[in-house]
Amino acid sequence: MAAVTGVAPWTAEDERYIGLALEEAQAAYAIGEVPVGALVVSAQGEILGRGYNRTIIDHDPTAHAEIVALRSAARQLENYRLPGITVYVTLEPCVMCIGAMLHARLARVVFGAYDPKTGACGSVLDVGSVPKLNHHTSVTGGVLAEPCGDLLRRFFRERRTKESNA
C-alpha cells in the first residue's frame, strides 16, 4: 500500500472529521445507499462540502460520496481547483474518485476503511503514486477503519439477508 507509506500518522483532527464523515455515511445507510460519507475541509478547518453516496436515488453512477462533496465545495469556492484542501471519506476511494481528487489538486485524502475490491489508494491500485501524473496528493488510510468497515459490513449483510428472504 505504497500510497500510505511514509505518511505521518493521522491526528485527532483527522479522526474527528472521519467521525463526521461517518454521520454522512449513516444518512446514506438510512436511505438504502451504500453507506459511504465524505467531507471537504479547508486548511483552516472549515467544512466546505459534505456528501454521501447517492448513486441509486440520483440514477447516477458518478454520485459517490467524494464526488458529491467535491462538487459542493467547488461550487461554494467557485473554483474547480481545490488546493490546500483535504477530503475525508469513510472508504478508500475508487479510481474515479481519486482521479477527480487529483484533478482538483487536493493537498490530502484521508480515508477510513480499506477497500480490497476497488480501492485505488493502495489496496487494488495505487493511482496517486504513478510518477508520470502531474499532481500528487498525500494519502492517509485506516483512520477509524473499524467503525467505517463495520457500517459497510452491516449494510451488505442486511442486504444479503433481504435478498435471500425474497
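Position 1 is the first residue of the sequence, and the numbers go up from there.
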*His136 side chain to Val130 main-chain N or O, any donor-acceptor pair under 3.5 Å?*
yes
_So Val124 and Lys117, do their side chains get closer than 4.5 Å, heavy atoms only?_
no
*asked:* Between Asp14 and Arg108, does the side-chain contact (heavy atoms from CB on, under 4.5 Å) criterion hold? Intermediate values first, please.
replied: CA-CA 11 Å; Asp14 292 337; Arg108 293 179 71 211; 3.0 Å; yes
*asked:* For the backbone of Leu144 and the side chain of Glu15, can you confirm whether one donor and one acceptor N or O come within less than 3.5 Å of each other?
replied: no
*Taking all atoms of both residues into account, what is the closest heavy-atom pair of Gly45 and Tyr17, and its distance?*
O-OH, 2.9 Å
*Spacing of Ser123 atom OG and Glu92 atom CD [to the nearest 0.5 Å]*: 3.5 Å
_Using 0.5 Å steps for rounding, measure from the CG atom of Leu70 to the CD1 atom of Ile67._
5.5 Å
*May I ask whether Met96 and Tyr80 are part of the same hydrophobic cluster, defined by side-chain heavy atoms of I, L, V, M, F, W, Y residues being less than 4.5 angstrom apart, directly or through others?*
no
*Does the pair Arg105 and Asn134 meet the rule for a side-chain contact (heavy atoms from CB on, under 4.5 Å), with working shown?*
CA-CA 10 Å; Arg105 307 293 195 263; Asn134 66 335; 3.2 Å; yes
*Please confirm whether the backbone N or O of Pro35 pairs with a side-chain atom of Asn53, one donor and one acceptor, at under 3.5 Å?*
no
*Is Ile31 reachable from Leu152 through a run of hydrophobic residues whose side-chain heavy atoms are each under 4.5 Å from the next?*
no
*Consider only side-chain heavy atoms of I, L, V, M, F, W and Y, link residues closer than 4.5 Å, and tell whether Val34 and Val68 are in one cluster.*
no
*Any donor-acceptor pair under 3.5 Å from Glu24 side chain to Ala38 backbone*: no
*Can you tell me how far CD1 of Ile85 sits from CG of Leu77, rounded to the nearest 0.5 angstrom?*
6.0 Å
*asked:* Quick check: closest heavy atoms across Ile56 and Gly32, and the distance to 0.1 Å?
replied: CD1-O, 3.8 Å
*If you take all heavy atoms of Gly49 and Ser72, which pair is closest and at what distance?*
CA-OG, 3.7 Å
*Taking atom CD of Glu163 as the centre, report whether more than 12 heavy atoms of other residues, nucleotides or ligands fall under 6.0 Å from it.*
yes
*For Thr137, which of Val87, Thr86, Leu106 qualifies under side chain to side chain contact (heavy atoms under 4.5 Å, CB included)?*
Leu106
*Does the side chain of Val41 come within less than 4.5 Å of Arg16's, by heavy atoms?*
no
*Could you state the interatomic distance from CD (Gln26) to CG (Leu151), rounded to the nearest 0.5 Å?*
5.0 Å
*Mind checking whether Val36 and Tyr52 sit in one hydrophobic cluster, side chains of I, L, V, M, F, W, Y counted as touching below 4.5 Å?*
no
*Are Ile57 and Tyr29 in one and the same hydrophobic cluster, where Ile, Leu, Val, Met, Phe, Trp and Tyr link if side-chain heavy atoms are under 4.5 Å apart?*
no
*Heavy atoms only: give me the nearest Ala113-Gly149 pair and the separation to one decimal.*
CB-N, 3.8 Å
*Would you find a donor on one side and an acceptor on the other, under 3.5 Å apart, between the side chain of Thr90 and the backbone of Cys148?*
no
*Gly142 and Trp10: which non-hydrogen atoms are nearest, and at how many Å?*
O-CH2, 3.3 Å
*What distance do Tyr88 atom OH and Ile18 atom CD1 have between them, rounded to the nearest 0.5 Å?*
7.5 Å
_Rounded at 0.5 Å granularity, tell me how far CZ in Arg153 sits from CD in Glu158._
13.5 Å
_With a 3.5 Å distance limit and no angle check, can you tell me whether Arg81 reaches the backbone of His103 through a side-chain donor-acceptor pair?_
yes
*Write down the atom of Glu66, the atom of Cys94, and the distance for their closest heavy-atom approach.*
OE2-N, 4.5 Å
